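What follows is a short report on a single structure.
These numbers were taken from a predicted model, which means no experiment stands behind them.
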Amino acid sequence: MAATNMNLTGLARNLVRDKHLDQAKAIEAVENANKESISLTSYLVKNKILGAAVIATVLSKEFGLPVFDLSVMDIEFAAMGLVDEKLIIKLEALPLFKRGKRLFVAISSPTNTQALDEFKFNTGLSTEGILVQEDQLRAFIEQALSAMDDDMDEMMLDDDLENLDISAGEEEADTASKEEANDAPVVKYVNKILVDAINKGASDIHFEPYEKRYRVRYRVDGVLAEVASPPLSIAAKLTARIKVMSRMDISEKRVPQDGRIKLNLSKKRAIDFRVNTCPTLFGEKVVLRILDPSSAQLGIDALGYEPEQKKLYMDALSNPYGMILVTGPTGSGKTVSLYTGLNILNQPETNISTVEDPVEINLEGINQVNVHDKVGLTFAEALRAFLRQDPDIIMVGEIRDIETAGIAIKAAQTGHLVLSTLHTNDAPQTLTRLMNMGVPAFNIATSVNLIIAQRLGRRLCDCKTLDELPDEVLLEEGFTEADIKEGIKIYKAVGCENCTKGYKGRVGIYQVMGISDAMGRLIMGGANSIDLADQARKEGIDDLRRSALKKVMAGMLSLEEANRITKD
């Protein structure tokens, strides 16, 4: 019997030594635990041979470690998101919290070095074990995994989300990555996020990993709002799924990547997503821009032009040659304005070509080209090719340099209508921007027909209410005495179940400036943007601020929103 006792090691030997188990029972427990491929601690507690508290006390005495009471810890603060839930179940260990580069892991046996090693390998952090009772650890793991499942279920309510028609392709990747990317709950979750974003009218979706949490945000009506906080542990799976859908390299996580997704909602409606990944401190952030081709079919009346502004744009579109420039910050609706014009011009007898970086809206009947700098397909090279392809109308996604500007202006001067964008604050600054780029003043004056500066403001919902303001405040905000005499009604946002904080949809604010003879003479004389703005005012052209105030008086915008997007 003594020889048999010598074969017992570790916990089993200590339990016999301290008379918690007799030798035969200990040997039987060790053999059965090995057969079931579980730890001796798990076997003893599961079969109610010994209490978890007794085992923890023995281990604490043997290894000189205190026993941590898991019942006092809030599950929300557990660092579960740092590792995959399958690894937590397999290793019977749970990451509790992170301090600097050290990860503290709850284990029911100090000899569970495999868990510490695997967590160290998967997180890149130094790991340290914390002794806890087996029953508390098991309950805590089950509770944490259940909370993660609940988070996933919150946004997976539709049965058909897993089977959406998505144009996607996979790059070569390892089998494990593919399995992660095609995990059914993750597939359904991502599809739900995409469909919800479309239904809410979002323009962008942000998937953002942080140290202790993961969040998903939608940009609706120009403002970001958090819509979901999935478990951090599925961050890699979410990213892998989106990268598979957009034909990116799953294995490459060190550099930004670009891709596209096509989501077919029905036989008649498909939505494109422009996808970009960017490596951040805690993982890859993914941003999807939602590109709805139907936005180009809205028609010019839906964009919010004042009657005189619409007439100027339509007149410029009817010219057989010249240049129309649209300017404004990213996300101000420049592409929709250009494509609305292209849709009007898109006739069988007209040859239209566009070059963009990238193409955002697919429109049948138009020849669209994506810029590809790596192979030498730049804006300038595409423009040169267009001029040899019998064009009528050319659209350049953006004029970024003197070479592109020079070719575009040459095309506008030689019988072609050219549409393009620039990044400037208002219409007069667009002209000086071209001059600063090195375009001769004569070429600007003789080629540019129209400049549209624009912003997008959040439209007030019908739940709006009157905003009473004294006359002196209205004058300070830029309203005229004539406006006040006519009787101004200003509304403010309230909020209801049909809108977002009192706003629903967006409306355009525009400065539409034609190049008159007087304006041309100023350009030829090298006038600055201030001189050009003064001339525009003399010609009765509303600047962006005045256009915004007109929308306020029409009840479309709140004064608060007008102040957010324009400055006096």
Side-chain angles (χ1 to χ4, degrees), residues 81 84 122-124 164-183 186-187 189-195 197-198 202-211 214-219 224 228 230 232-264 270-293 330-331 335 355-362 368-379 381-382 397-398 400:
D84 188 271
N122 278 270
T123 63
L164 275 176
D165 183 9
I166 299 172
S167 299
E170 296 184 12
E171 297 290 339
E172 288 301 317
D174 58 87
T175 303
S177 296
K178 287 183 180 179
E179 287 178 356
E180 281 191 354
N182 295 314
D183 187 34
V186 172
V187 170
Y189 188 84
V190 171
N191 290 351
K192 178 68 173 174
I193 290 285
L194 301 188
V195 172
I198 294 168
S203 61
D204 301 86
I205 310 171
H206 293 240
F207 291 84
E208 302 170 310
Y210 295 97
E211 183 178 10
Y214 192 91
R215 72 177 177 182
V216 180
R217 292 191 291 173
Y218 294 162
R219 186 179 293 279
L224 280 168
L232 188 59
S233 61
I234 69 166
K237 292 183 178 181
L238 291 174
T239 302
R241 175 59 187 165
I242 296 169
K243 289 169 81 171
V244 163
M245 294 168 69
S246 50
R247 305 187 182 210
M248 295 182 188
D249 182 356
I250 301 178
S251 61
E252 180 55 78
K253 302 176 182 178
R254 300 164 298 176
V255 297
Q257 295 187 62
D258 292 295
R260 290 179 78 94
I261 298 170
K262 189 179 188 70
L263 185 64
N264 297 304
I271 304 292
D272 288 332
F273 296 84
R274 189 181 72 199
V275 187
N276 177 265
T277 65
C278 183
T280 68
L281 195 59
F282 301 106
E284 289 179 281
K285 175 177 178 177
V286 184
V287 177
L288 290 80
R289 166 66 57 89
I290 302 174
L291 310 170
D292 189 352
T330 301
T335 300
V355 55
E356 301 168 74
D357 184 20
V359 172
E360 294 192 4
I361 298 174
N362 296 327
Q368 298 172 286
V369 175
N370 265 324
V371 165
H372 199 330
D373 289 328
K374 290 183 179 179
V375 298
L377 182 55
T378 61
F379 281 114
E381 282 302 315
E398 182 183 350
R400 298 175 178 173

Problem set entry | Glu398 vs Asp357 side-chain heavy atoms within contact, under 4.5 Å | no

Seminar exercise, completed: Nearest heavy-atom contact between Gly376 and Glu381 is O-CG, 3.4 Å

For this session: Work out which heavy atom in Pro256 is nearest to a heavy atom in Pro279; give both atom names and the distance.
Result: N-CD, 3.8 Å

For this session: With rounding to the nearest 0.5 Å, note down the distance linking NZ in Lys285 to OH in Tyr210.
Result: 6.0 Å

Problem set entry | Exam field: side chain Asn276 to backbone Gln257, donor-acceptor pair closer than 3.5 Å | yes

Exercise. Heavy-atom count around Lys253 NZ within 6.0 Å, excluding the residue itself: above 12?
Worked result: no

Exercise. Which atom pair, heavy atoms only, marks the closest approach of Glu284 to Thr277?
Worked result: OE2-OG1, 3.9 Å

Exercise. Out of curiosity, Arg219 CZ to Ile290 CD1, how far, rounded to the nearest 0.5 Å?
Worked result: 12.0 Å

Problem set entry | Intermediate values then yes/no, side-chain contact (heavy atoms from CB on, under 4.5 Å), Phe207 and Tyr214 | CA-CA 8 Å; Phe207 291 84; Tyr214 192 91; 3.1 Å; yes

For this session: Output the distance between atom CG (Leu224) and atom CZ (Arg215), rounded to the nearest 0.5 Å.
Result: 8.0 Å

Problem set entry | Residues forming a side chain to side chain contact (heavy atoms under 4.5 Å, CB included) with Gln368, sequence neighbours excluded | Tyr339, Thr354, Glu356, Val359, Asn362, Ile366

For this session: Look only at the side chain of Glu208 and the backbone of Arg217, and say whether a donor-acceptor pair between them is shorter than 3.5 Å.
Result: no

Problem set entry | Minimal non-hydrogen separation, Lys192 against Tyr218, with atom names | O-OH, 4.5 Å

Seminar exercise, completed: Sequence neighbours excluded, the answer for side chain to side chain contact (heavy atoms under 4.5 Å, CB included) partners of Val255 is Glu252

For this session: Work out which heavy atom in Met248 is nearest to a heavy atom in Asp258; give both atom names and the distance.
Result: CE-C, 3.6 Å

For this session: Report the distance from atom CD1 of Ile271 to atom CG of Leu288, rounding to the nearest 0.5 Å.
Result: 13.0 Å

Exercise. What are the two closest heavy atoms between Leu194 and Leu263, and how far apart are they?
Worked result: CB-CD2, 4.3 Å

For this session: Would you give the length of the straight line joining atom CD1 of Ile234 to atom CZ of Arg241, rounded to the nearest 0.5 angstrom?
Result: 13.0 Å

Seminar exercise, completed: Taken to the nearest 0.5 Å, the spacing of Ile242 CD1 from Ile205 CD1 works out to 8.0 Å

Seminar exercise, completed: For Arg274, the side chain to side chain contact (heavy atoms under 4.5 Å, CB included) test, sequence neighbours excluded, returns Arg289, Leu291, Pro358, Glu360

